[in-house]
Amino acid sequence: MHTGTIDPATIPGGIDLGLTLESGQSYLWTRADGDGYTGDPDGSQWYTTVTRAAGAPPGGESREGDPRVLQVRERPDGGLDWRATMPAAALVRERLRLDDDLDAIAARAPSDPVIGAAFDAHRGLRLIDDPAYPTLIAFICSTQMRVARIHGMVTDLRRDLGDPVEFDGATVHAFPTPERLAAAGEDRLRELGLGYRAPYVAETARMVADGTHPADAAGMQYEDAREWLTRFVGVGDKVADCVALFALGFDEAVPLDTWIQTAIEERFPDCDRDSYAETSRALRDRLGPDAGYVQTYLFHHLRTAEAATAD
DNA sequence: TCCGTAAGGTATCAG
DNA sequence: CTGATACCTTACGGA
């Protein structure tokens with residue numbers, strides 16, 4: 001086993017690990033004391049994921065290789081501990097985007113009372129940089145679902161169809177390979193509770209298994225990438241934006257979900273256009289170069305209960 | 001205990 | 001190309 005620590009001085013703006021991993025960006029980590037997403041996040045717990053990459057460019061998780069386990073927890077000093085089946089210091093920095101300067105990002109954000117409140121209320125919330133294919137499947141599952149249940153669905157997929165890996169005396173499961181998901185078939189996926197998403201996941205997994213990989217969008221211009229991603233079954237503009245933002249490093253992407261749509265109507269009505277593409281463009285212009293970061297803070301702020309009394 | 005509603009939307013089909 | 005509708009399942013809140 002490899003272990004390491006990350007000095008808080010090397011994390012500009014700090015990190016709230018539980019918030020970052022349970023804020024609805026990533027569904028690929030589980031908390032040691034349970035499935036997570038069902039209670040208050042707790043960054044002092046070990047969070048575990050399984051990955052096939054050991055340090056890849058954004059969204060460029062290797063498409064083959066043995067699954068490897070990575071665990072991270074928050075230290076009392078604000079730094080991080082990690083444990084893994086491979087050297088992982090660089091991987092942790094990359095996945096949790098520890099080089100992003102949160103204070104600078106907050107300073108660049110537009111001066112708006114709700115945006116300011118969102119940054120103040122959720123210090124240490126970071127964007128994540130997850131592998132593209134599991135993120136694609138997770139967000140196909142996300143339509144018309146609550147955050148906690150999306151995590152439950154992904155966890156069920158892993159447990160039932162993912163390769164088991166031994167680590168520290170326990171068994172954890174990798175995200176199922178595209179081949180395995182495709183082979184499972186629509187009926188099996190319906191049994192796992194995916195509902196009408198089952199055929200979408202099966203068909204998209206088949207496309208990936210046949211060589212059309214979502215990470216291939218990483219080198220495109222942002223709007224081209226979003227459009228290209230919608231070729232996967234079950235992927236419209238919103239899900240494509242989630243993959244672009246949370247897995248492919250397109251920091252300008254602003255997934256227009258129901259929460260953000262409401263925020264647009266109430267806070268930025270002049271950004272409300274006739275199409276997704278035009279509204280997206282207007283909102284990106286309004287939110288600035290870190291539009292994706294601002295969106296993530298807004299989404300989390302609006303979604304949490306305290307937001308109801310914040311404004 | 002039971003039922004209506006809504007949950008990080010998308011595919012499909014008219015007009 | 002734009003607008004309306006069905007869609008699986010589950011976890012809630014109100015009767």
Side-chain angles (χ1 to χ4, degrees), chain A residues 19-29 34-39 41 118 122 125 127-128 130 134-157 160 184-207 214 226-248 250 253-266 272-280 283 287 291-305 307-308:
Chain A
L19 193 54
T20 296
L21 295 180
E22 297 198 35
S23 56
Q25 310 176 59
S26 178
Y27 298 96
L28 306 179
W29 296 76
D35 284 345
Y37 292 83
T38 53
H122 308 291
L125 171 60
L127 279 175
I128 46 78
D130 268 336
T135 300
L136 178 69
I137 299 296
F139 278 92
I140 289 172
C141 291
S142 77
T143 66
Q144 295 292 106
M145 280 292 151
R146 289 175 179 80
V147 168
R149 214 163 96 67
I150 301 164
H151 186 257
M153 293 169 72
V154 172
T155 302
D156 288 346
L157 285 178
D160 282 43
E186 175 181 340
D187 292 344
R188 180 81 188 95
L189 296 176
R190 280 187 185 270
E191 288 175 12
L192 288 173
L194 295 200
Y196 64 78
R197 304 155 194 79
Y200 301 165
V201 168
E203 290 186 43
T204 286
R206 172 49 56 197
M207 292 173 69
R226 189 183 64 199
E227 167 65 22
W228 185 85
L229 287 167
T230 63
R231 73 182 47 211
F232 293 103
V233 183
V235 178
D237 288 325
K238 188 271 175 182
V239 168
D241 260 335
C242 288
V243 175
L245 181 60
F246 303 136
L248 300 182
F250 288 103
V254 282
L256 301 183
D257 56 63
T258 53
W259 296 94
I260 298 301
Q261 302 259 18
T262 300
I264 290 171
E265 290 170 18
E266 295 180 354
D272 200 354
R273 306 298 164 81
D274 292 334
S275 70
Y276 187 102
E278 291 180 35
T279 301
S280 169
L283 190 63
L287 298 185
Y293 248 106
V294 177
Q295 183 273 353
T296 294
Y297 274 86
L298 271 179
F299 169 75
H300 186 74
H301 194 55
L302 297 169
R303 196 173 69 79
T304 52

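All chains are named by letter (A, B, ...) in the order of the sequence lines, taking the proteins before the strands, and each is independently numbered beginning at 1.
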Residues in contact with DNA chain C, drawn from residues 228-241 of chain A - heavy-atom cutoff 4.0 Å
none
Taking only residues two or more places apart in sequence, or in another chain, which ones meet [X] in a side chain to side chain donor-acceptor pair (under 3.5 Å)?
X: A:Y200; result: none
X: A:E22; result: A:R31, A:Y47
X: A:R206; result: A:D210
X: A:E191; result: A:R188

Kindly write out the residues that satisfy salt bridge (charged side-chain N to carboxylate O under 4.0 Å, His left out) with A:E278, not counting sequence neighbours, or none if the list is empty.
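For A:E278 there are no salt bridge (charged side-chain N to carboxylate O under 4.0 Å, His left out) partners, ignoring immediate neighbours.
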Can you name the residues that form a salt bridge (charged side-chain N to carboxylate O under 4.0 Å, His left out) with A:R190, not counting sequence neighbours?
A:E186
If I take atom [atom1] in residue [X] and atom [atom2] in nucleotide [N], what distance separates them, rounded to the nearest angstrom?
X: A:Y200; N: B:dA11; atom1: OH; atom2: P; answer: 6 Å
X: A:E203; N: B:dT12; atom1: CD; atom2: C1'; answer: 13 Å
X: A:M153; N: B:dA7; atom1: CE; atom2: P; answer: 16 Å
X: A:M145; N: B:dT10; atom1: CE; atom2: P; answer: 14 Å
X: A:L194; N: B:dG9; atom1: CG; atom2: C1'; answer: 15 Å
X: A:I140; N: B:dT10; atom1: CD1; atom2: P; answer: 10 Å
X: A:I260; N: B:dA7; atom1: CD1; atom2: P; answer: 14 Å
X: A:R197; N: B:dT10; atom1: CZ; atom2: P; answer: 11 Å

Roughly how many Å apart are C:dC8 and B:dC3, using the P atom of each and rounding to a whole number?
22 Å
Please give the distance between the P atoms of B:dA6 and C:dT5 as a whole number of Å.
16 Å
Which part of the nucleic acid does [X] contact within heavy-atom distance under 4.0 Å: base, sugar-phosphate only, or nothing?
X: A:R190; value: sugar-phosphate
X: A:Q261; value: nothing
X: A:Q25; value: base
X: A:Y27; value: base

Between A:Y27 and A:D130: side-chain donor-acceptor atoms closer than 3.5 Å:
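Side chains of A:Y27 and A:D130: no pair found under 3.5 Å.
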Identify which nucleotide among B:dA6, B:dA11, B:dG9 has an atom closest to any side-chain atom of A:Y196, counting heavy atoms from C-beta outward.
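Selected nucleotide: B:dG9.
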Indicate every side-chain donor-acceptor pair of residues 139-149 of chain A with a distance under 3.5 Å to a residue at least two apart or in another chain.
{"from": "A:S142", "atom 1": "OG", "to": "A:F139", "atom 2": "O", "distance (Å)": "2.7"}
{"from": "A:T143", "atom 1": "OG1", "to": "A:Y196", "atom 2": "OH", "distance (Å)": "3.3"}
{"from": "A:T143", "atom 1": "OG1", "to": "A:R197", "atom 2": "NE", "distance (Å)": "3.4"}

Sidechain-backbone polar pair: A:Q25 side chain, A:F246 backbone, donor-acceptor under 3.5 Å
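Side chain of A:Q25 to backbone of A:F246: no pair is present.
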Could you tell me whether a side-chain N or O of A:H300 sits under 3.5 Å from a main-chain N or O of A:T20, the two making a donor and an acceptor?
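Checking the backbone N and O of A:T20 against the side chain of A:H300, no donor-acceptor pair under 3.5 Å is found.
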Please give the stem ranges for DNA chain B, sorted by first residue number, where a stem is three or more consecutive Watson-Crick or G-U pairs and both donor-acceptor distances are under 3.5 Å.
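Correct response: B:1-7 with C:9-15, B:9-15 with C:1-7.
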Test of understanding: with side chain to side chain contact (heavy atoms under 4.5 Å, CB included), list the residues that count as partners of A:D156, not counting sequence neighbours.
A:R159
Nucleotide interval of DNA chain C bounded by contacts with chain A (heavy-atom cut-off, under 4.0 Å)
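The contact span of chain A on DNA chain C goes from C:dC7 to C:dT10.
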Can you list every pair that meets side-chain hydrogen bond (donor to acceptor under 3.5 Å, both in side chains) and has a residue in residues 228-238 of chain A, with sequence neighbours left out?
none
